[in-house]
Amino acid sequence: MIKVHLGDITRLNVDVIVNAANARLLGGGGVDGAIHRAAGPGLLDACRNIGGCPVGEVRATSAFSIPVKRIYHTVGPVWRGGRLGEPELLSSCYRHCLALARRESMRSIAFPAISCGVYDYPPSLAVEIAVEQVQQHLEKDGEPQSIIFCCFDAEMAELYHAQLDAYVRR
Ligand code: APR
């Protein structure tokens with residue numbers, strides 16, 4: 001089941017929240033900053049021990065003070081016009097997170113709009129990729145059974161609703 005939620009991802013009652021991190025995995029602004037603030041200093045120590053994450057991949061940590069099972073740190077591409085592999089890298093973020101959630105038997109996962117803030121990815125293009133990858137995953141595999149697109153503003157939520165409707169009508 002796919003849902004669109006408007007609010008702060010650190011407040012969701014799910015098994016996994018996905019962080020839109022950077023390759024150093026040492027925190028930052030946006031959703032990365034919010035997750036580190038909510039999780040507490042233990043998260044930064046855990047991320048330091050991982051030593052970074054390539055763009056398009058995912059690394060998992062505990063959630064520390066956030067009452068979820070796992071945090072999946074994925075690194076989206078910076079938008080550079082769309083001809084330098086950005087779509088493939090953003091697709092890879094969703095695919096890797098969903099495959100890891102499947103492997104770890106997580107029942108629910110919440111995604112922020114990866115790369116749509118500081119990394120400047122055009123939201124309509126990013127949302128199209130997010131919906132496509134999640135739908136493709138669910139056509140192959142029923143787990144995780146609950147996938148939430150967590151939006152921080154109403155415009156982003158509207159894009160997800162429109163894209164989900166369009167996907168169903170394809
Ligand atoms: N909950 C849900 N979504 C949020 C939250 C939150 N608490 N805070 C911000 N967002 C939304 C933004 O509004 C945006 O739509 O998350 C989306 C992703 O934006 P960013 O957090 O800026 O992430 P991204 O564009 O992937 O850039 C990653 O920014 O914060 C740094 O360390 C991070 O270097 C990395 C870069």
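Start at 1 and go down the list; that is how both ligands and their atoms are numbered. Reckoned from all heavy atoms, side chains included, excluding hydrogens, waters and symmetry mates. Note that the structure is predicted; figures quoted are calculated from it, not measured.
For Pro123, the closest heavy-atom approach to ligand 1 does not fall below 4.0 Å.
Short contacts between ligand 1 and Cys116, defined as distances under 4.0 Å to a heavy atom of the residue, involve ligand atoms 25 (O). Counting the atoms of ligand 1 from 1 in the order shown, those under 4.0 Å from a heavy atom of Ala34 are 7 (N). Applying the 4.0 Å criterion to heavy atoms of Gly28 picks out, from ligand 1, the atoms 30 (O), 32 (O). Those atoms of ligand 1 with a heavy atom of Asp8 less than 4.0 angstrom away are 1 (N), 6 (C), 7 (N). Proximity to Asp32 (heavy-atom distance under 4.0 Å) selects the following atoms of ligand 1: 30 (O), 32 (O), 33 (C). Taking every heavy atom of Gly30 and a limit of under 4.0 angstrom, the matching atoms of ligand 1 come to 8 (N), 9 (C), 21 (O), 30 (O). Those atoms of ligand 1 that come under 4.0 Å of a heavy atom in Gly117, given as number and element, are 18 (C), 19 (O), 22 (O), 25 (O). Near Gly27, meaning under 4.0 Å from any of its heavy atoms, are these atoms of ligand 1: 32 (O).
Considering backbone and side-chain N/O of Ala113, none are found under 3.5 Å from N/O of ligand 1. Considering backbone and side-chain atoms alike, Val31 places an N or O below 3.5 Å from some N or O of ligand 1. Every N/O-N/O distance between Ile114 and ligand 1 stays at or above 3.5 Å. In terms of polar-atom proximity, defined here as any N/O pair under 3.5 Å, Asp120 makes no such contact with ligand 1. The N/O atoms of Ser115, backbone and side chain alike, include one that comes under 3.5 Å of an N/O atom in ligand 1. The shortest N or O to N or O distance between Asn22 and ligand 1 is below 3.5 Å. Among the atoms of Pro112, none of the N or O lies under 3.5 angstrom from an N or O of ligand 1.
Within the 4.5 Å cutoff, the side chain of Asp141 has no heavy atoms near those of the Leu138 side chain.
A donor and an acceptor atom, one from each side chain of Gln135 and Glu139, are nowhere located under 3.5 Å apart.
Using a 4.0 Å cut-off between charged nitrogen and carboxylate oxygen, Glu104 and Arg70 count as a salt-bridge pair. Under 4.0 Å is where a charged nitrogen must lie from a carboxylate oxygen, and between Arg11 and Asp8 no such pair does.
Considering every non-hydrogen atom in both Ala34 and Thr10, the closest pair reads O-CG2, 3.7 Å. Contact between Cys97 and Thr74 at its shortest, heavy atoms only, is SG-CB, 3.9 Å. Contact record, Ala126 with Cys116: CB-SG, 3.4 Å, taken as the closest heavy-atom pair.
Among all non-hydrogen protein atoms, the one lying nearest atom 13 (O) of ligand 1 is Phe152 CB, 3.6 Å. Val118 N, 2.9 Å is the protein heavy atom nearest to atom 22 (O) of ligand 1. Tyr119 CE1, 3.4 Å is the protein heavy atom nearest to atom 36 (C) of ligand 1. Among all protein heavy atoms, the one lying closest to atom 1 (N) of ligand 1 is Ile9 N, 3.0 Å. At the top of the distance list for atom 31 (C) of ligand 1, counting protein heavy atoms only, stands Gly29 N, 3.7 Å.
Residue Asn49 qualifies as enclosed at atom CG: its count of foreign heavy atoms under 6.0 Å is above 12.
A donor-acceptor distance shorter than 3.5 angstrom exists from the side chain of His96 to the backbone of Gly56, with no hydrogens or angles considered. No side-chain donor-acceptor contact under 3.5 Å links Glu86 to the backbone of Tyr121.
Of the candidates Ile148, Val127, Asp165, Val127 is the only one forming a side-chain contact (heavy atoms from CB on, under 4.5 Å) with Tyr160.
With rounding to the nearest 0.5 Å, the separation of NE2 in His137 from CD in Glu132 is 14.0 Å. Note that OG of Ser65 and NE2 of His36 are 12.5 Å apart. Values are rounded to the nearest 0.5 Å.
With a 4.0 Å heavy-atom cut-off, ligand 1 is reached by the backbone of Ala20 and by its side chain too.
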